[in-house]
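This report concerns only the one structure given below.
Order of the sequence lines sets the chain letters (A, B, ...), proteins ahead of strands, with each chain counted from 1. Worth knowing before you read on, the calculation uses all heavy atoms, side chains too, and leaves out hydrogens, waters and symmetry mates.
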Amino acid sequence: MEYEVVVGLEVHAQLATRTKMFCGCPVRFGERPNSLVCPICLGLPGVLPVVNESAYHMSLRTAVALGCELASFTKFDRKNYYYPDLPKNYQISQYDLPFAEGGSVPISTPGGEKSIRLVRVHMEEDAGKLVHTPLGSLVDLNRAGTPLMEIVSEPDLSSPEEARSYLEELKRMLEYLEVCDCNMEEGSLRCDANLSVRPVGQKELGVKTEIKNMNSFSGVEKALTYEAGRQIRTLVAGGVIEQATLLWHEDREETSVMRTKEHAHDYRYFPEPDLSPIVLDAKKVEQIRGELPELPRTRWQRFQADYDLSEYDAEVLIRDRALADYFEDLAGRVGQGKLAANWVTNQVSAVLNERKIPVAECPVSSDRLSELLLRVDSGDLSKGMAGKVFDSMLGSDASLDQLIEKLGGGQISDPDTLRPLVEEVFGEQAKIVEDIRGGKDKAKNALFGKVMGKTRGRGNPEVVRGLIEELLASGS
Amino acid sequence: MELEVSTVKHIAHLSRLELSDSELERFRGQLMDILTFVESLADLDLESVQPRVHAVEVTNQFRADHPHEPLGTEEVLAGTADRQGDTFRVPVVVDTEDVLED
């Protein structure tokens, strides 16, 4: 029997605010433990949390971009559970009235574009960090109260690969929207998955398991592949799938069962009495809608259409909004999208990757690179020479002409400059010329090599070949 | 309102409380009293009253995203009974080592 995989993802995105969701403690990673904590995020008696306006606006911005339906009235709720990562013994979250429902994320699949529907988006606070040791669990509450957005998809994903595409698309969107820095290593983008399998053709869903602790996109793909395999093998062997929450272990590449999992009703949600509800401000929504940037997928499609780029090249360029901006500026200046794309995806990206620097710190600005590419486009510089000039640009602010001069000059494309050199070679290599005229066509390469030698490699190959043909035809 | 001992046990477990049989019985009585008191709301005619989520009418209270000065690690940990370095130390609460067998 053939099985198909059904996956839904819950993504927690840390909002890129300066302070926490309900208090003014700074949000920073890697600080001294328990140094970013105050009575509010400690849950001391008598404190009053207040919603961070930026966090709310970033959430709205995201929901508008995802095409969600915004609730005209929304509120926060207490999710009660006893675990030392939250000192209040409850997490402030949203339960029955999330601020946004519906919406979708478009992804590319081998079968074409697919729209992954969303269930909801809600706001909540993050918990603190626990480190388990044999002598006890160590609690750092710096992260407690950090603003999060939880984005829940419908079980529309049909493979681990689709799950990864969805995450990549969502990450790019959040980055373009500037609402999350999406650093998975620092935990600012986290993902849990629900996975089940069912015989192909069966309507009802199989029993699902929830998988947590996947810390990278490749980790998600691996964990889901592992779990799908485990479920299918279990069913094929006549076993049953038990509903459970599983932890993924990246190092061992396997999952383990988390011992207990409380049911939703055990959380005893109730409206957070310390926070006032929020009524949607339609004007604010219109303002946010008007200020939305071009989203990555739209940009990807436009790059293919406007600059005649392949799907792959366009994707490499749009992955990073700053890189896409760099490319567009360059392409505009050079007037040659394809040429600009080649340089950005090759030379420029290589430098950024090698030095692990963001586009903003690229030693060669798009303006400066455009000067170089204009010379390539006009034929004044060979590709090889342009590469050398680019390398020297990385370490020097000298003008383009100075750099070219220093490297031995640009490409010679002027036929009047090249013709005497070709004639010289014809004179010196009478034997080869005779061979060619006698039908030994291949010998043309030898002539070409001699001429290029005289130009020290700077002759424009096309012009040189043209001149050789010209002289052969003229019979001189 | 009647309450089973098992329900009281479950609620105690959710709060990570271990109760003796006599305590279970005592709290069962107290919880039933509370529930019975709340149940008296059912006597009111609330047909025309809209459900609401908050006791006051205030909405849309926000604060600007400006940082304040946190307490500082030493002050945060000053009252704890068990500390390790800059962290609170609590009994180990999760065991994740049972590998799922195929």
Practice task
Give, as side chain, backbone, both or neither, the part of A:M21 having an atom under 4.5 angstrom from any heavy atom of chain B.
Solution key: backbone
Exercise for the section: Kindly indicate whether a cation-pi arrangement holds for A:R78 with A:F270, taking the cut-offs as under 6.0 Å to the six-membered ring centre and within 45° of the axis. Expected result: no
Exercise for the section: Drop me the distance from A:L42's CG to A:C25's SG, to the nearest 0.5 angstrom. Expected result: 8.0 Å
Handout entry: Stepwise side-chain hydrogen bond (donor to acceptor under 3.5 Å, both in side chains) test for A:N34 and B:T73
Key = CA-CA 5 Å; A:N34 295 306; B:T73 304; over 6 Å; no
Fill in the blank from the handout: If you tally heavy-atom pairs under 4.5 Å between each of A:L97, A:D281, A:D140, A:L275 and chain B, the highest tally belongs to A:L275
Exercise for the section: Examine whether an atom of A:C23 lies under 4.5 Å from a heavy atom of chain B, and if so say whether it belongs to the side chain, the backbone or both; otherwise answer neither. Expected result: both
Fill in the blank from the handout: Rounded to the nearest 0.5 angstrom, the CG-CD1 distance for A:L195 and A:I241 is 9.5 Å
Practice task
Please confirm whether A:K79 makes a cation-pi placement over A:Y269, using NZ or CZ under 6.0 Å from the six-membered ring centre and within 45° of the ring normal.
Solution key: no
Problem - Backbone N/O of A:F76 and side chain of A:S93: donor-acceptor pair under 3.5 Å - result: no
Practice task
Can you sort out the partners of A:F99 under ring pair (Phe, Tyr, Trp, His ring centres under 6.0 Å), two or more places apart, ordered by chain and number?
Solution key: none
Handout entry: A:M123 CE to A:N52 CG distance, which is reported to the nearest 0.5 Å
Key = 10.5 Å
Exercise for the section: Could you have a look at A:V37, A:T17, A:T133 and say which one has the most heavy-atom pairs with chain B under 4.5 angstrom? Expected result: A:V37
Problem - Part of A:L141 lying under 4.5 Å from any heavy atom of chain B - result: side chain
Practice task
Would you please test B:S20 and B:E23 for side-chain hydrogen bond (donor to acceptor under 3.5 Å, both in side chains) and show each step?
Solution key: CA-CA 5 Å; B:S20 66; B:E23 283 171 326; 3.3 Å; yes
Problem - Part of A:Q231 within contact of chain B (heavy atom distance under 4.5 Å) - result: neither
Exercise for the section: Could you list which of residues 55-66 of chain B have a heavy atom closer than 4.5 Å to any heavy atom of chain A, in residue-number order? Expected result: B:V58, B:T59, B:N60, B:Q61, B:F62, B:R63, B:D65, B:H66
Practice task
Can you tell which part of A:P277 gets under 4.5 Å to a heavy atom of chain B, answering side chain, backbone, both or neither?
Solution key: both
